[in-house]
Each structure stands twice: as C-alpha cells, then as structure tokens.
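In what follows, a structure is listed as structure tokens, so that the remarks can point back to it.
No hydrogens, no waters, no symmetry mates; every other heavy atom, side chains included, goes into these values. Predicted model only: the values in this text are computed from it and were never measured.
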Amino acid sequence: MLDIRNGIAVITLDNPPVNSLGHALRERIVQHLDAAEADSTVRGIVLAGSEKAFSAGADVTEFGTPRQLQEPILRTVIARLEASSKPVVAAISGVALGGGLELALGCHGRIAQEKARIGLPEITLGLIPGSGATQRLPRLVGIAVAHGLMSSGQPQSGRQLATSGLFDDVVAGDVIGAAAARAAVLAEKGAPYPRARDGELDAAEVQSTVAAQRAKLTARQKLQPAYGALLDALAASALPFDEGLQKERELFLALVPTNAAQALRYQFKVEREATKLPPAFQAPGREVRSIAVIGAGTMGSGIAISALDAGLAVLLLEQDGAALERGRQRIADHYRERVAAGKLSTDAASSNEARLQTSLEWERLQQADLVIEAVFEDMTVKQEVFRRIDAHARPGAVLATNTSYLDIDPIAAATARPQDVLGLHFFSPANVMKLLEVVRGAKTAPDVLVTGMALGATLKKMPVLTGNAFGFIGNRIYNAYRRQCEFMLEDGAWPEDVDNALTGLGFAMGPFAVADLSGLDIAWRMRKAQAATRDSRERYVSILDQLCEAGRLGRKTGAGYYAYVDGKQVKTTDAAVRDVIQQASSQRGITRRTLALEEIQRRALLAMVNEAALLFAEGVASRPSDIDVVLVQGYGFPRWEGGPVFWARQQDRTQLEHDLQRLAEKAGFGFTLGDLAPLLST
Ligand code: COA
Ligand code: NAD
C-alpha cells in the first residue's frame, strides 16, 4: 500500500499475518518505490509494516523452490532501497526478523518501537542471513553484537537494542510519525544518505572475534553446518563490502539444500501443525482463568510456576501440610533466583506470587476452571484423588491428570463426568520443558481437548494430541529406544560407547547418562510391577535391576551406570558395572564384540522408527510428524535431524526394511515389526 502524506510516501507492507517476504510482496515493494521516486511531490519515504509485524522475513515456504530465486529477490529489493534517490526510513513495529531486518538494514534510517522484537533467526532454520545482514549489521553495531544476534537466533526488543547503533531512535509511541520526521530531516540534508554498507569496521577485530567464537563452538553446533558458515560470512565482513556480500550469498545458497536446513524447516512447519487439532475435534474451548494443581511435589510446583508465569491464578492443594509448605517454598525460591539472576523484575515476581494460593481444603477446588492432578504415580491414589475432585470441582470444570504411564480411562471412571477428564502430560522441569502431551481418553469431550490444547498455548508450551496408550507417544518411543540400547550392552558395547555414539549424533545426553540423572529406581519400580505379566521368552535385560540391587540408583546415590565423583560423571564405567554387563552377555550366550559407532546410532534410530510405526498404526499419534515434534521437544532428539520419522524418510526404503527385519530377529520373541508404509507415506 502506498500513501502520501505531507510529502512523505508511506509504503506499508501488506502480506498478513506476518508480512513474510514472498515474491508478490517483494515485487510490490519495488513498484511502490518506483512510484514514490517518480512522484515529484515526494521528498522522503517510510517503509512500514503492521502492528504485529514489520516483517517476519523470508517466506519459509519458498525456501528450496524456484520462487525464492525469482527476481526481484530480496537482495535486489534491498539494493534498490539503498540506491533510492529519496531517503527511505524503516518504521519498525512488531517483529523484524531475518529478511525483515535485512530490509530495514537497506534503508537510510531506522526507527523502532520499544516493544518491537528484532532478530536474525536464520540459524534456527539451519541457515545464515542471506541478504546482507552478515555484512551490513557488523558495520552498524560492531562484530560482537552482530555475532550475538545471529548465533543465538534470539530476538531482542527495540529497548534492548536502543544504544546499539542499529536505530536512529527507539520510540514508545507513533513509530511511523517518527520515521516520517526522520525521512524529512534526511531529505533536507540531501544525498548522499547514510548507508549501513559505508560503516567502518576494524578488520583485525573482526578476525580475532571470529577466531575466538570458532574456538567456542560446541560439539552440537559443529554438527550443524550453519554455525561454521556464519563465522565464515562474518569473517568476510572484513573484506570490501561487495566481496563480502558475494561470499555471504555463496555460503547461504550452499546451506539451503543441506539435510540440517531441510530438517529444521520441516520442524518449523510440523511444530505449528502439531498444535492444531485435527478437524474431527474442532469445538469452542472452555474458558480457563484459574487453575488448581493437586500435589505440590516436583511436577505440581513446576506446573504451578508455569501457570503463574502465564498470568493465571493458581490454587495449590495438598494432603500433607509439610509437602505443601515445601512446594510453596520451592516456588518462592524459584522466583527469588529469577530476580537475583536478573531474568525477572521484582514487580513481575511479586505479581506472579500474589496469584498463588496454597491450601489443604479441598472445598476450595470450586473456584478452579481447570484442575491438574500431579500426585503419586499410583492408580489407587489417583482414583481416590479424582473421586474427591469430582465431589468438589464446579460443574464444567476441566479435570486433568499428569500421569506418565497410567491408563486415564479408569481415572476418569472414578468421576461421574469422564467427558471432562483428559491427560495433560507435562515434562520435568514443568516450567521449562516445552512439550505437553494432551491425552484423549475414551470419553473425553472435544471441547475439553480444545481447552487442553489452548492451555498449552497459554503456557507457551508445544501441545501435542496423543491417544491413551501406555507411555503415550514420547515415553513409549523412549522405552523402545532404551531397550534397544540395553540390548547393545549385552551385545558388546559399554554404556559410554552407546552414550557417546548418541551424543555424537546430536542427542543432548545418552540414554544411560539420562537414566542416572532421573534415577534408576523409577524404571526398577515399574519393571517389578510388570514382572508378573512379563513373558519369560522375551529378551529381558536385567543389568539395571542388578545395579539397583547393588544400591547404584544413579547420580543421587553417587553411582548408577557411571560413578560420580564430586557430582561429576566418571566418563568410563567402572569394573563393577562391567562385571554386571559381562555376566548378562554370557548368561544370554552372547560373545561380546565391538559395536561400531554407526551401528549403535542406526539401531537406536531403527528402534524408534519401528515403535513410531506401531503407535501410528494404533492411532496414538494423529500425524506421523507429531511423533517428531514430541521427540525433539521432550527427549533431546537433535532438531536438525528432524525426528525419527523425518530421518526414516531420508533412508533407502529397502535397506530400512531389511535392517528392521534384522532388529526384530535379534530382539526375538515379543518384538513386533511395524508397517512402515502408512508412517512414511503420509
Ligand atoms: N514465512 C512464511 N510463513 C510464516 C513465516 C515466515 N517467515 N513466519 C510465520 N509464518 C506463518 C506461520 O506458519 C503461521 O501460519 P499458519 O497460520 O498458516 O499456521 C502464521 O504465519 C502465524 O505464525 P505463528 O508462528 O503461528 O504466529 P506467532 O504470532 O506465534 O509468531 C512470528 C509470529 C513471526 C514470531 C513467528 O511466526 C516466527 O518466528 N516466524 C519465523 C520467522 C523466521 O524464522 N524468519 C526468518 C526466515 S529466514
Ligand atoms: P512427587 O512425589 O514429587 O510429588 C507428589 C506429591 O503429591 C507429593 O507432594 C505428595 O504429598 C502429593 N500427594 C500424594 N497423594 C496425594 C493426595 N492424595 N492428595 C494430595 N496430594 C497428594 O511426584 P512428581 O515427580 O511430582 O510426580 C507427580 C506425577 O507427575 C506422577 O504421576 C508422575 O508420574 C508424573 N510425572 C512426573 C515426571 C517427573 O519427571 N517427575 C514427569 C512427568 C510426569
């Protein structure tokens, strides 16, 4: 849209909802610019967006398609702005991300609103900025700030960047008015207008900063080509501008088709899909302003913090006064630490804490729109709690259980309103972890599911719908993966071989280090509970039970799979653990052999893929991609590998089927082979 007021042409980007810079919008910007330049009544030009978005950057749906490269490409638009015969000033409100910020960097001036969110998130898509930011930004704000914005991918507010040199001014109010005034001043002064490309850079400082940052790259960053490429592009900012720009382009184009960039684009898309319920469940949700959390333990207090952070009123309810006090204290400590770390203002912390009530009186449940139970993982206890909830919660309240593994139907059946009951499976720590499995029971009403998904969005989580089956999506796949890793111990690997192979693939931690961290006794207790129904023909690895019997319950007891000295993991397993493992191998009649890194990685992934095929066929996941979202968001699966389903789709199908067949043979009795076709074709 082009609008001329008092000699200033305001070009408003108009591609809702977020002004992504698809081909049509790029074309319109150039047309409006041509028109404004041709109009003799125009002295200066303002480039503005909407309140929500100046621009969220390149249209990610165009990546890897011919449209992305169709002229005018973003670089051409930016060059055109930069060369304009009339001064152009960007008026930034809402978000200015990626190409959106690059567009603004091509202008002769920039005004931002205090609350605007400015950033270069390309790295989160496996890319680097491809339209000049690696060259223009360091010339405006210095190499260190520029590197910080690009390598974190995290946006900052206009206020945070007010003194960075990026903006001519940061304003609280009318950003277009301020930009128009700035354009008038520049017009008055006349050409040449200020350009980011003309900024001075100290070449030696660029090189030393880049070298220092290269030395700091983490192992996970080194697995992703974009991190190294970003440093190469920033190093090129020490070259003459056009040479640096050319180098950036080459690096960017080489990244677009990489597996990591494809996987990250895929995750961007499927994360958004996962939060939307399939059409069969569309219904208006119920309003949730206040929640009650029952059980003030690890999960209950984390859920309470998450809800307080989102502005909800929270009632924390317990059976035990001392446990309630511990929970209240944990929440108070959390806020005190956030304030001390400068992450939260004192006012925000007090406002959050003021919305918390703690109580032992169940009658008070009546005030809650939604109740979340987070008591011990025991069916009898949970059913008793739901009976009490049923007696006190108001009609129409949504009733949720945070169970990790239990069947939610008998829990719902303990109430007279099973249609109001669902599972809301949070992950620990609940105020940090993004994933939220929203579990549908046999009788859960659609509007209750809608409310659960909406609560996830309110809490800034990633809600994913799952069916009511043992372990839902995440724990079920994780169990299959862990079991395969235990097989590999019996076959010849040591725990560190498996853990190193999987962190080498990009997992945040290996399965045995994770088990030590969460405590081996959780799995031990469950194994004992399942012992009576376990078929003796099944391949059952008893290493974990034996470690527990020896008092090695994990990190908290100073030893599990690994020993811990002063809280630090000893990297190789000790003789006692190796004895247990060797005995397990010989009892199964296995001659131990060295497992290559690739074999460990592949078997772990194959086990996940097989379980994914099984649970998708059972309808536990409504889309294959939801499985990938769960694994990435909740289980440390490397996001740049896309998830097990994405990974499987990249493999040769015949080889995959052959390898799964072998996996089934080695597992023996009780291992069901899933059908890959439905999983990989949808
Ligand atoms: N290109 C194409 N579509 C985009 C987009 C982009 N750069 N950014 C957002 N969208 C789409 C989303 O897919 C979504 O579409 P849908 O409604 O069909 O699902 C819609 O815009 C709204 O986005 P959503 O993320 O749901 O809204 P939000 O208000 O929570 O967040 C943003 C808005 C802009 C902060 C967020 O979408 C974002 O971070 N986008 C990515 C920006 C980016 O990485 N740009 C650099 C590209 S190199
Ligand atoms: P926890 O032992 O830390 O806390 C449980 C709390 O519930 C205790 O404070 C206890 O006093 C209280 N409680 C027990 N019975 C009660 C009753 N009848 N009425 C009121 N309060 C009662 O346990 P947790 O780790 O927070 O786990 C809680 C639930 O969350 C379990 O179902 C667990 O499976 C699930 N979960 C745990 C994790 C995790 O990593 N810890 C992750 C996801 C889900």
Side-chain angles (χ1 to χ4, degrees), residues 57-58 60-64 68 97-98 119-130 134 147 149-155 213-214 216-234 251-274 433-435 462 464 474 477-478 481 499-511 514 597-598 600-602 604-606 608-609 612 624-651 656 680:
V60 289
T61 63
E62 273 189 359
F63 280 141
Q68 187 193 7
L97 300 175
L120 291 159
E122 285 83 351
I123 202 89
T124 64
L125 291 168
L127 300 171
I128 62 171
T134 65
H147 172 264
L149 271 173
M150 293 182 214
S151 64
S152 72
Q154 292 307 311
Q213 294 299 340
R214 211 181 286 279
K216 280 197 219 161
L217 286 179
T218 64
R220 297 185 94 203
Q221 288 172 337
K222 285 185 198 156
L223 289 170
Q224 303 171 65
Y227 284 90
L230 175 61
L231 292 172
D232 295 343
L234 286 172
L251 289 163
F252 173 83
L253 289 176
L255 287 171
V256 173
T258 56
N259 189 64
Q262 288 186 47
L264 290 164
R265 280 204 295 281
Y266 163 81
Q267 274 291 333
F268 178 87
K269 178 167 157 270
V270 299
E271 275 171 1
R272 281 163 177 74
E273 275 169 18
M433 293 292 288
K434 284 264 186 196
L435 181 62
M462 186 71 64
V464 179
I477 295 207
Y478 196 79
Y481 157 82
D499 281 355
N500 291 340
L502 290 160
T503 51
L505 191 70
F507 276 87
M509 282 170 89
V514 169
L597 180 100
E598 295 74 21
I600 297 175
Q601 294 175 336
R602 194 164 174 86
L605 290 166
L606 288 169
M608 289 193 182
V609 172
S625 58
D626 286 357
I627 299 168
D628 286 344
V629 173
V630 166
L631 267 294
V632 167
Q633 293 294 331
Y635 295 83
F637 193 105
R639 199 179 146 84
W640 64 93
E641 292 288 351
V645 179
F646 181 89
W647 175 82
R649 288 190 179 135
Q650 315 301 309
Q651 307 303 307
L656 196 61
L680 303 187

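Residues passing the side chain to side chain contact (heavy atoms under 4.5 Å, CB included) test with Y478, sequence neighbours excluded: Y481, R482, P511, V514, Y635. Residues passing the side chain to side chain contact (heavy atoms under 4.5 Å, CB included) test with A58, sequence neighbours excluded: F63. In this structure R265 satisfies the salt bridge (charged side-chain N to carboxylate O under 4.0 Å, His left out) test with no other residue, sequence neighbours excluded. In this structure L97 satisfies the side chain to side chain contact (heavy atoms under 4.5 Å, CB included) test together with V95, P121, P155, sequence neighbours excluded. Applying the salt bridge (charged side-chain N to carboxylate O under 4.0 Å, His left out) rule to E273 yields the partners K269; only residues at least two apart in sequence or on another chain are considered. Not counting sequence neighbours, R220 has no partner by the salt bridge (charged side-chain N to carboxylate O under 4.0 Å, His left out) test. The salt bridge (charged side-chain N to carboxylate O under 4.0 Å, His left out) search around D626 returns R623, not counting sequence neighbours. Taking the side chain to side chain contact (heavy atoms under 4.5 Å, CB included) definition, one finds that L231 meets it with H147, V210, Q213, R214, L217, sequence neighbours left out. Partners of T61 under the side chain to side chain donor-acceptor pair (under 3.5 Å) rule, at least two apart in sequence or in another chain, are D59.
Closest heavy-atom contact between L680 and A648: CD2-CB, 3.8 Å. The two atoms that bring L251 and A233 nearest to each other are CD1-N, 3.5 Å, heavy atoms only. A pairwise comparison of heavy atoms in I128 and A229 identifies CG2-C, 4.1 Å as the closest pair.
Listed by first then second residue, pairs satisfying salt bridge (charged side-chain N to carboxylate O under 4.0 Å, His left out) with a partner in residues 255-264 number zero, not counting sequence neighbours. Among pairs with a residue in residues 628-643, those fulfilling salt bridge (charged side-chain N to carboxylate O under 4.0 Å, His left out) read E271-R639, at least two apart in sequence or across chains.
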Which atom pairs, donor and acceptor, lie under 3.5 Å between side-chain atoms of residues 253-260 and protein residues at least two apart or in another chain?
unit_1 : atom_1 : unit_2 : atom_2 : d
T258   : OG1    : L255   : O      : 2.7
T258   : OG1    : A261   : N      : 3.3

Legend entry - L605 vs L505, side chain to side chain contact (heavy atoms under 4.5 Å, CB included): CA-CA, chis, key distance, verdict: CA-CA 10 Å; L605 290 166; L505 191 70; 3.8 Å; yes
Inset, instruction - Any chance you could lay out the side chain to side chain contact (heavy atoms under 4.5 Å, CB included) test for E122 and F252, step after step, and finish with the verdict? - result: CA-CA 10 Å; E122 285 83 351; F252 173 83; 5.6 Å; no
Legend entry - Chi angles and distances behind the side chain to side chain contact (heavy atoms under 4.5 Å, CB included) call for F646, Q650: CA-CA 7 Å; F646 181 89; Q650 315 301 309; 3.4 Å; yes
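At a threshold of 4.5 Å between non-hydrogen side-chain atoms, the residues D499 and M509 do not count as touching.
A donor-acceptor pair under 3.5 Å is absent between the side-chain atoms of R649 and the main chain of V645, judged by distance alone.
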